[in-house]
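Take a look at this one; I'll ask things after.
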Amino acid sequence: MKSWMYLKNGESLSIDAGRCTGCGTCLEVCPHGVFVLAGGKAVVADRGACMECGACGKNCPLGAIAVSSGVGCAAAIINGRIRGTAPDCGCGGGCCGG
Amino acid sequence: MDLKPVNPKSAESMAGVAMSRLKAAKKPAPVAGFVEFEAPRPSFVTGYLPVAERSVPVVSTRLSGRDRVDGWLVRWDIGRMSYAVGPGLYAVGSPGPESVVLVSANYKLSFDSLRKELSGIDAWILVLDTKGINVWCAAGKGTFGTDEILDKIGRTRLGEIVSARTLVLPQLGAPGVNASEVVKRSGFRVVWGPVRARDIPSFLSNGMKKDEAMRRVSFGLADRMAIAPVELAHSWPVPLAAVALALPFALPAGGGYWGRFLSLAVPLAGTAVAGTLIFPALLPLLPTRAFSVKGAVLGVAWGLAAALATGTGWLLAASLVLVSAPVVSFLGLNFTGSSTFTSQAGAKLEVDRSLVPMAVSLALGLALGVASKFLTI
């Protein structure tokens with residue numbers, strides 16, 4: 001399957017191989033097929049496809065995955081800049097109706 | 001539909017109380033007000049299922065004409081922010097203690113897309129209060145989250161209704177829900193269901209196994225165009241500005257005024273169509289990964305095409321290009337919010353790098369437009 005590429009995708013994603021038990025939870029929750037299991041460990045196979053949604057980090061039972069997640073929405077970022085807050089789409093963006 | 005928290009005095013609850021008094025002598029009576037909606041009950045509720053001393057609304061698996069019309073309007077951003085269903089527990093078919101519990105968001109479009117796939121299936125639907133936002137966005141915000149699930153399990157006393165103690169969550173809820181914490185704190189096991197509701201029947205009949213395609217978010221042409229109308233509706237300031245610019249530009253009044261008006265207003269207003277309909281359609285074909293650059297390229301093409309079509313002079317042609325590029329670029333950049341694959345770090349980078357060039361191009365374009373009124377090149 002063709003994966004969509006974007007700027008800086010997956011740059012913050014890292015796996016602590018020492019803690020990973022290869023349970024496969026990250027493969028289960030990732031919507032972009034970023035991970036594969038190799039030698040009993042999860043490894044990042046398609047970093048550019050990672051949109052940093054945070055599903056893997058949230059659900060890794062061993063806390064072995066670190067990823068800095070957030071909405072990848074320019075309107076939310078601009079809103080945040082204007083108000084001096086964190087990116088916030090305020091539910092007014094097209095994203096939330098999808 | 002206006003949603004409020006449980007109101008014990010609502011007609012729905014009153015009816016339930018009256019009913020429970022009538023039947024109290026014989027058997028445990030249903031208790032209404034179990035789902036937090038006010039009377040009258042929503043049209044998708046076909047009846048009530050008495051279970052464990054309460055009554056659970058049974059929902060239809062068929063979308064009515066009204067559901068479809070409303071769903072279409074919502075795609076155009078009409079009534080979208082109040083398009084919600086009451087959070088709580090619903091039934092589909094005739095579920096029992098062993099039936100599966102499907103967890104959903106209370107955005108009605110999400111809820112409808114789930115229930116319409118469930119004909120012939122007996123299931124419970126646990127609707128979380130995501131403030132009328134779809135699963136994925138709500139998970140990103142944390143409203144489709146661990147605490148909200150635990151709250152709804154508790155408030156619906158789900159443990160008294162099902163013995164299977166398994167929740168099927170949409171996979172796109174994973175950014176907000178820690179499955180192991182749900183198990184730890186509620187005893188309910190979480191199974192990550194498919195991304196799309198339409199895969200649920202085969203997921204269930206396969207013993208809750210997903211294939212690779214069920215796990216993947218797609219963003220094909222149909223997916224992109226389904227969300228495009230909301231973007232178009234949001235771009236209303238563009239045609240408004242186009243008209244405001246073209247009205248004085250077409251002066252002097254009299255001979256050919258409206259012709260001059262239209263030959264400027266249409267290309268300028270059309271940048272909204274270019275940025276919100278043509279942009280998502282051509283997304284994979286436009287160059288570079290940056291949405292703002294993709295948009296700028298499309299905007300330049302749009303401006304050139306408009307100049308050729310209207311046979312403008314060089315100055316006005318340059319003006320059209322310099323105005324179209326930043327407008328389409330900005331609308332394209334906004335499409336990151338609708339896309340399924342853009343990281344926040346990348347979107348931040350684009351915002352940081354693109355807004356100033358956009359403003360410069362727009363200012364230059366407007367200046368050239370004014371100049372073209374007075375100079376003939």
Which of the residues A:Cys53, A:Pro61, A:Cys60, A:Gly54 is involved in the greatest number of heavy-atom pairs with chain B at under 4.5 angstrom? A:Cys53

Flag the one option from B:Gly140, B:Gly176, B:Ala228, B:Ala139 with the top tally of heavy-atom pairs under 4.5 Å to chain A. B:Gly176

Enumerate the residue pairs fulfilling salt bridge (charged side-chain N to carboxylate O under 4.0 Å, His left out) with a member in residues 340-354 of chain B, sequence neighbours excluded, ordered by first and then second residue. A:Arg81-B:Asp352

Residue B:Thr146 versus chain A: region with a heavy atom under 4.5 Å: side chain

Under 4.5 Å to a heavy atom of chain A? For B:Phe330 that would be side chain

Non-hydrogen contacts under 4.5 angstrom with chain A: give the residues of residues 187-195 of chain B involved, or none if there are none.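 Near chain A, by residue number: B:Trp192.
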
Looking at B:Phe291 and A:Tyr6, what are the two nearest heavy atoms and their distance? CD1-CE1, 3.5 Å

Shortest non-hydrogen pair, B:Val351 vs A:Ala74, comes out as CG2-CB, 3.9 Å

Does any non-hydrogen side-chain atom of A:Trp4 lie less than 4.5 Å from one of B:Thr342? no

Over 12 non-hydrogen atoms of neighbours within 6.0 angstrom of CZ in B:Arg198: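 Check fails, neighbour count at 12 or below.
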
What are the two closest heavy atoms between B:Ser343 and A:Cys50, and how far apart are they?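 So the two residues come closest at CB-O, 4.4 Å.
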
Filter on salt bridge (charged side-chain N to carboxylate O under 4.0 Å, His left out), then keep only pairs touching residues 176-188 of chain B, sequence neighbours left out; what's left?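 Those involving residues 176-188 of chain B are B:Asp147-B:Arg185, B:Glu181-B:Arg185.
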
Let me know which of A:Ser69, A:Ser12, A:Pro87 forms a side-chain contact (heavy atoms from CB on, under 4.5 Å) with B:Gln344. A:Pro87

Would you please go through residues 20-35 of chain A and name the residues with a non-hydrogen atom below 4.5 Å from one of chain B, in numerical order?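 Listed by number, the contacting residues are A:Leu27, A:Glu28, A:Val29, A:Cys30, A:Pro31, A:His32, A:Gly33.
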
To the nearest 0.5 Å, how far apart are OG in B:Ser180 and CG in A:Leu62?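 Between atom OG of B:Ser180 and atom CG of A:Leu62 there are 9.5 Å.
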
Between A:Lys8 and B:Leu349, is there a side-chain heavy-atom distance shorter than 4.5 Å? yes

What part of B:Ala290 lies closer than 4.5 angstrom to a heavy atom of chain A: side chain, backbone, both or neither? both

Okay, side chain of A:Asn59, backbone of B:Val177: is any donor-acceptor separation there less than 3.5 Å? yes

Where is the tightest heavy-atom contact between A:Ala55 and B:Ala174, given as atom of each residue plus distance? CB-CB, 3.5 Å

What is the distance from atom SG of A:Cys73 to atom CG of B:Asn334, rounded to the nearest 0.5 Å?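 If I round to the nearest 0.5 Å, the distance is 7.0 Å.
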
